[in-house]
Amino acid sequence: MTTRRKLLLAFILSAFSSLTLASATGCAGALMMPYYLIYGTDSPAVYQDEVSEIPKGSKMVVICRSNLNLFGSANPNADLSTGITYVVSNNIKGKKKKKLEWIPFSKVEELFEEEEFNSLSFEKMGAKLGADYVIGVEIDSFETHHSTQFYQGSSKVLVRLVDVNKQETIVRESMPEYVYPPTPVPISDYDETEFQKIFIVKLSKKISTLFCPYDPHEQYAVDSDFPNR
């Protein structure tokens, strides 16, 4: 695993801890208490039935890609793939029973050249990787700037769950544009790389709601990750 990927995983771990703590405090917590008492802390995955049909021991891989001409650290493919893999593999319902095997995105990068990566179908890529299922994410838009003076992340993605062996798409979801945070933050307060990582963590969690349980309470504390400096 590259140093960059290790740093991202460490960032995700710390970010998830702080996000969970922040979302459990303040007025939002009081407003949502009746919800917790009735429904508990988690909402089910959007496609929980489809996920429940994945056999134990299946090999999974998350492949994110875009044709947005974003280069270097600005390209979200690797970090978003790593983020989604982390969230889903740790939160998928019944993960202890299923014991799914997750192929890291580093293997995808090793195996495919850029032209091949953008042209091959997720089914063919999954077969070449030896995966049974692919969570394929087509990034239609990805932006971290609200203006020259403010950061605000926005992205629109098409997500598919592909059965590689059957060569068929089980899930196809064109998600609405995701914007975070709701209130833009001054660029003077954050390094651009730091802001992009925070946005990717949140986008990873949003996409992962399709496949694993999630805490609906977090939407009531979405500004808490960016305290005034």
Pair S155, E177 - check side-chain contact (heavy atoms from CB on, under 4.5 Å), show working. CA-CA 6 Å; S155 184; E177 183 180 32; over 6 Å; no
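- Nearest heavy-atom pair, A45 versus F211, reported as atom, atom and distance to 0.1 Å: CB-C, 3.4 Å.
- When side chains are defined from C-beta on, E109 does not count as touching F117, because their heavy atoms never get closer than 4.5 Å.
- Contact record, P55 with L100: O-CD2, 3.6 Å, taken as the closest heavy-atom pair.
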Donor-acceptor contacts, no H, no angles, side chain residues 134-144, under 3.5 Å, sequence neighbours left out:
from: E138; atom 1: OE2; to: R65; atom 2: NE; distance (Å): 3.1
from: E138; atom 1: OE2; to: R65; atom 2: NH2; distance (Å): 3.2
from: S141; atom 1: OG; to: K156; atom 2: N; distance (Å): 3.0
from: E143; atom 1: OE2; to: H145; atom 2: N; distance (Å): 3.0

Go through it in stages, so that I can follow the logic: the residues are S66 and N77, the test is side-chain contact (heavy atoms from CB on, under 4.5 Å), and I'd like the CA-CA distance, side-chain angles, deciding distance and then a yes or no. CA-CA 7 Å; S66 67; N77 293 341; 3.7 Å; yes
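- Ring pair F199/F195 is parallel by interplanar angle, where below 30° counts as parallel and above 60° as perpendicular.
- In this structure, the side chain of E53 does not engage the main chain of E50 through any donor-acceptor pair within 3.5 Å.
- At least one donor-acceptor pair closer than 3.5 Å links the side chain of S89 to the backbone N or O of T85.
- Not one N or O on the side chain of T169 forms a donor-acceptor pair closer than 3.5 Å with the backbone of R172.
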In sequence, state the C-alpha distance, the side-chain angles, and the governing distance for S81 and I63, and then conclude on side-chain contact (heavy atoms from CB on, under 4.5 Å). CA-CA 6 Å; S81 297; I63 302 176; 5.5 Å; no
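- The backbone N or O of K59 lies less than 3.5 Å from a partner atom in the side chain of D132, making a donor-acceptor pair.
- The shortest heavy-atom contact between F105 and V62 is CD1-O, 3.6 Å.
- You'll find the side chain of E110 reaches within 4.5 Å of the side chain of K107, heavy atoms only.
- A side-chain donor-acceptor contact under 3.5 Å links E173 and Y47.
- Residue Q152 comes nearest to P181 through the heavy atom pair NE2-O, 2.8 Å, listed as atom of the first residue, atom of the second, then distance.
- Taking hydrophobic clusters as Ile, Leu, Val, Met, Phe, Trp and Tyr residues chained together by side-chain heavy-atom distances below 4.5 Å, L111 shares a cluster with V164.
- S147 places a side-chain N or O within 3.5 Å of a backbone atom of Q149 that can act as its donor or acceptor partner.
- Between the side chain of Y151 and the main chain of E192, a donor-acceptor pair closer than 3.5 Å is present.
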